[in-house]
Trainee: 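Mind looking over this structure? Questions follow.
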Amino acid sequence: MAAAGNDSTSGGAGGKTGSFGSAGAASVRDLGKAFTRAIPPACAKDPVWASLAPGKAGTLRAVLTVDAEGHLASAEPVGENPPKHLVNVLRRTLPMLKAGRFAVKNGAVTAGTQTLELTAVVSDEPGDDSGAQDNLSFTYEGGSGKASFTQTGGRKVDISVRLVSVKTAD
């Protein structure tokens, strides 16, 4: 899964470049931001969160690989014995991103990888038993963000996402 090339958390663009939004390639999205945004709707119904004790729920590093066309090719946990509930985050989130086109770095469509670190914290909040899920939210800027959701019954999950490194194939 190793990619040759530049290794940094910011810097110049390679490959086909463009900015995000109306001035650039509208279909190209920031991978870290899209991943963070997909966590709440993908993971809010995962029953594993209810089985965890409140408090810190572990950390996981994952390498997300993008092909030369900007499509997400894989996401793999790094290290031995990664927390299963955080591996579930990868497994549940990836299908939501398969149709997208992503930039690994600065709006550039090029093959490469991003290593993200996910840290989860669970807490209990007063909830209702109506079956409704509340507080599906995310923020992401400058290489870090947070995805949050509250499950039925009040189990709140906050997952911090931090960009650790970027490697491009050029």
Side-chain angles (χ1 to χ4, degrees), residues 1-5 7 9 14-16 20 25-52 56-122 133 135-152 155-169:
M1 182 180 317
D7 185 11
T9 56
K16 304 169 197 154
F20 297 103
S27 63
V28 177
R29 299 184 293 157
D30 177 276
L31 179 58
K33 183 174 185 176
F35 181 84
T36 305
R37 181 180 187 180
I39 292 172
C43 300
K45 292 186 178 183
D46 188 347
V48 72
W49 299 107
S51 69
L52 301 174
K56 292 182 181 179
T59 298
L60 170 80
R61 281 200 178 186
V63 176
L64 284 67
T65 303
V66 174
D67 67 21
E69 298 301 315
H71 299 289
L72 188 60
S74 66
E76 299 294 329
V78 177
E80 293 183 32
N81 301 319
K84 290 181 183 179
H85 51 283
L86 290 173
V87 173
N88 278 357
V89 170
L90 291 178
R91 184 180 58 81
R92 288 174 169 269
T93 303
L94 292 183
M96 296 185 76
L97 302 174
K98 283 293 185 182
R101 192 165 177 228
F102 303 101
V104 173
K105 183 163 101 180
N106 292 342
V109 176
T110 184
T113 63
Q114 279 192 2
T115 300
L116 300 177
E117 183 176 82
L118 311 175
T119 303
V121 176
V122 297
Q133 293 175 349
N135 302 323
L136 299 179
S137 65
F138 88 100
T139 59
Y140 190 89
E141 188 172 331
S144 66
K146 183 164 82 170
S148 299
F149 55 89
T150 303
Q151 295 182 313
T152 302
R155 177 52 56 105
K156 183 172 188 221
V157 179
D158 293 309
I159 301 175
S160 298
V161 178
R162 183 177 67 90
L163 177 62
V164 175
S165 68
V166 174
K167 293 181 183 180
T168 59

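Note that these values count all heavy atoms, side chains included, but never hydrogens, waters or copies made by symmetry.
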Trainee: Do Lys84 and Val48 have side-chain heavy atoms sitting under 4.5 Å apart?
Mentor: no
Trainee: Is a donor on one side and an acceptor on the other found under 3.5 Å between the side chain of Gln151 and the backbone of Pro47?
Mentor: no
Trainee: Rounded to the nearest 0.5 Å, what separates atom CG in Leu72 from atom NZ in Lys98?
Mentor: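 Atom-to-atom, Leu72:CG and Lys98:NZ are 5.0 Å apart.
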Trainee: What's the shortest heavy-atom distance between Gln114 and Gly32, and which atoms?
Mentor: OE1-N, 3.5 Å
Trainee: Closest approach of Phe102 and Leu97, non-hydrogen atoms and distance?
Mentor: CE1-O, 3.2 Å
Trainee: Rounded to the nearest 0.5 Å, what separation is found between the SG atom of Cys43 and the NE2 atom of His85?
Mentor: 11.0 Å
Trainee: Walk me through whether Asp30 and Tyr140 qualify under side chain to side chain contact (heavy atoms under 4.5 Å, CB included).
Mentor: CA-CA 10 Å; Asp30 177 276; Tyr140 190 89; 3.6 Å; yes
Trainee: Using 0.5 Å steps for rounding, measure from the OG1 atom of Thr119 to the CG atom of Leu86.
Mentor: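 Answer for the OG1-CG pair, Thr119 versus Leu86, is 8.0 Å.
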Trainee: Look up atom CG in Leu116 and atom OG in Ser160, then write down how far apart they are to the nearest 0.5 Å.
Mentor: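 Leu116 CG to Ser160 OG: 12.5 Å, rounded to 0.5 Å.
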Trainee: Ignoring hydrogens, what is the shortest heavy-atom contact between Ala75 and Leu94? Give both atom names and the distance.
Mentor: CB-CD1, 3.3 Å
Trainee: Where do Ala38 and Met96 come nearest, in terms of heavy atoms and distance?
Mentor: O-SD, 3.7 Å
Trainee: Where do Gly70 and Val109 come nearest, in terms of heavy atoms and distance?
Mentor: N-CG1, 3.8 Å
Trainee: So, taking the atom named CZ in Arg101 and the one named NE2 in His71, what distance separates them when rounded to the nearest 0.5 Å?
Mentor: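 NE2 of His71 is found 6.5 Å from CZ of Arg101.
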Trainee: Give the C-alpha distance, both sets of side-chain angles, the deciding distance and a yes or no for side chain to side chain contact (heavy atoms under 4.5 Å, CB included) between Ile39 and Val161.
Mentor: CA-CA 10 Å; Ile39 292 172; Val161 178; 3.9 Å; yes
Trainee: Do Thr113 and Val166 have side-chain heavy atoms sitting under 4.5 Å apart?
Mentor: no
Trainee: Find the distance between CZ (Phe149) and CZ (Arg155) and round it off to the nearest 0.5 Å.
Mentor: 10.5 Å
Trainee: A side-chain contact here means heavy atoms from C-beta on lying under 4.5 Å apart; do Phe35 and Leu90 qualify?
Mentor: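 A side-chain contact exists here, since the closest heavy-atom pair is under 4.5 Å.
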Trainee: Check whether any side-chain heavy atom of Arg162 lies under 4.5 Å from a side-chain heavy atom of Arg61, and answer yes or no.
Mentor: yes
Trainee: If you take all heavy atoms of Leu136 and Ala44, which pair is closest and at what distance?
Mentor: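 Shortest heavy-atom separation between Leu136 and Ala44 comes out as CD2-CB, 3.8 Å.
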